[in-house]
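Right, one structure below, let's go through it.
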Amino acid sequence: RDGAQCRDRGYGFVLHGLWPQFDTGGYPQFCGDPRLTPDAFALGARIYPSPKLVQHEWERHGTCSGLGPQGYFQAADRALAFTKIPAVLQAPRTDLSLTGSRIIAAFQSANPGIPGNAVQVSCNRGELSEVRICLTRDLRARSCGRGVRSSCPPYPVRVRSVR
């Protein structure tokens with residue numbers, strides 16, 4: 001519902017979030033003070049495409065990270081820099097049709113050393129909606145916990161072009 005976030009913007013891949021995840025599934029939420037200083041908000045605004053997303057990610061996930069706002073947004077920025085977008089997905093001029101397993105394989109190829117279960121994809125209405133990369137606290141790739149699974153069908157889905 002936040003048009004500034006992604007809808008028809010053609011950003012390509014953007015960071016949606018960085019949050020703690022329990023190995024047994026699920027994740028903690030809303031763990032502390034949701035207020036952001038102007039400096040912390042400015043840092044988050046350089047990483048996320050929407051002011052609402054900056055505030056949402058801090059309130060819901062960042063407050064559970066064990067980091068202050070500045071540290072949380074710095075970690076999010078490092079996590080984003082850690083992940084290489086596969087060449088085929090960097091800026092396609094036309095929509096692509098790929099299976100979830102092909103998308104995962106492309107991310108693993110572009111990011112050598114990522115464990116087999118560290119990349120999961122989510123699809124919605126026949127389109128790729130998320131690529132999730134599971135990381136350790138020190139931002140190294142790791143296998144995802146039990147609660148993180150791919151949700152793309154076995155047939156090809158649309159990957160929107162960058163406008």
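Computed from a predicted structure; not experimentally measured.
Without hydrogens or angle criteria, Asn111 side chain to Lys84 main chain gives a donor-acceptor distance under 3.5 Å. Between the side chain of Trp58 and the backbone N or O of Asp33, at least one donor-acceptor pair lies under 3.5 Å. Between the side chain of Gln21 and the main chain of Cys144, no donor-acceptor pair closer than 3.5 Å is present. Under the 3.5 Å distance criterion, the side-chain polar atoms of Ser109 are left unmatched by any main-chain donor or acceptor of Ala106. Looking at Ser161, its side chain never comes within 3.5 Å of a backbone N or O of Thr94 through a donor-acceptor pair. Judged purely by atom type and a 3.5 angstrom limit, Ser150 uses its side chain to pair as donor or acceptor with the backbone of Val121. A donor-acceptor contact shorter than 3.5 Å links the side chain of Gln90 to the backbone of Ile85. With hydrogens and angles ignored, the 3.5 Å screen pairs a side-chain donor or acceptor of Tyr72 with a backbone N or O of Leu18. Proximity of a side-chain donor or acceptor of Ser122 to a complementary backbone N or O of Glu130 within less than 3.5 Å is not detected.
The minimum heavy-atom distance linking Pro20 with Cys64 is given by the pair CG-O, 3.5 Å. When every heavy atom of Arg149 is checked against every heavy atom of Gly145, the shortest pair comes out as NH1-O, 3.8 Å. Between Arg35 and Pro69 the shortest heavy-atom distance is O-CG, 4.4 Å.
Between Tyr48 and Phe41, a ring centre-to-centre spacing not shorter than 6.0 Å is recorded.
Counting heavy atoms of neighbouring residues, nucleotides and ligands inside a 6.0 Å radius, atom CZ of Arg137 does not exceed 12 of them. The number of heavy-atom neighbours closer than 6.0 Å to CZ of Phe30, taken from other residues, nucleotides and ligands shown, is above 12.
The disulfide bond (SG atoms under 2.5 Å apart) analysis of residues 76-130, with sequence neighbours excluded, yields the pairs Cys123-Cys152. Listed by first then second residue, pairs satisfying ring-ring contact (aromatic ring centres under 6.0 Å, His included) with a partner in residues 126-153 number zero, not counting sequence neighbours.
Leu36 and Leu67 fall within a single hydrophobic cluster, where Ile, Leu, Val, Met, Phe, Trp and Tyr are joined by side-chain heavy atoms under 4.5 Å apart, directly or via other members. Residues Ile103 and Val148 do not share a hydrophobic cluster, clusters being chains of Ile/Leu/Val/Met/Phe/Trp/Tyr side chains in contact below 4.5 Å. Transitive grouping of hydrophobic side chains (ILVMFWY, heavy atoms separated by less than 4.5 Å) brings Ile114 and Leu135 into a common cluster. With hydrophobic clusters built from ILVMFWY side chains whose heavy atoms lie under 4.5 angstrom apart, Leu139 does not share a cluster with Tyr27.
A 4.5 Å side-chain heavy-atom check between Val131 and Leu89 finds every atom pair outside the cut-off. Side-chain contact check for Leu53 versus His16: some heavy-atom pair is nearer than 4.5 Å. Here the side chains of Phe22 and Pro28 are in contact, with some heavy-atom distance below 4.5 Å. Side chains of Glu127 and Val159 form no contact here, defined as non-hydrogen atoms less than 4.5 Å apart. Pro86 has its side chain within reach of Phe107: a pair of non-hydrogen atoms, C-beta onward, lies under 4.5 Å apart. Taking the side chain as every heavy atom from C-beta outward, Val157 and Ser97 never approach each other to under 4.5 Å. In this structure the side chain of Leu80 never reaches within 4.5 angstrom of the side chain of Phe13, judged on heavy atoms. A 4.5 Å side-chain heavy-atom check between Gln70 and Asp39 finds at least one atom pair inside the cut-off.
Taking CD1 of Ile133 as the start and OG1 of Thr83 as the end, the distance is 5.0 Å to the nearest 0.5 Å. A distance of 6.0 Å separates CD of Glu57 from CH2 of Trp19, quoted to the nearest 0.5 Å. Taken from OG1 in Thr99 to CD1 in Ile104, the straight-line distance is 8.5 Å, to the nearest 0.5 Å. In this structure, CD on Gln29 lies 9.0 Å from OG1 on Thr63, to the nearest 0.5 angstrom.
Under the 4.0 Å criterion applied to side-chain N and carboxylate O atoms, Asp95 and Arg160 are not assigned as salt-bridge partners.
One side chain, Asp138 or Thr136, offers a donor N or O that lies under 3.5 Å from an acceptor on the other. Side-chain N/O atoms of Arg132 and Gln120 include no donor and acceptor closer than 3.5 Å. Side-chain polar atoms of Glu59 and Gln55 form a donor-acceptor pair below 3.5 angstrom.
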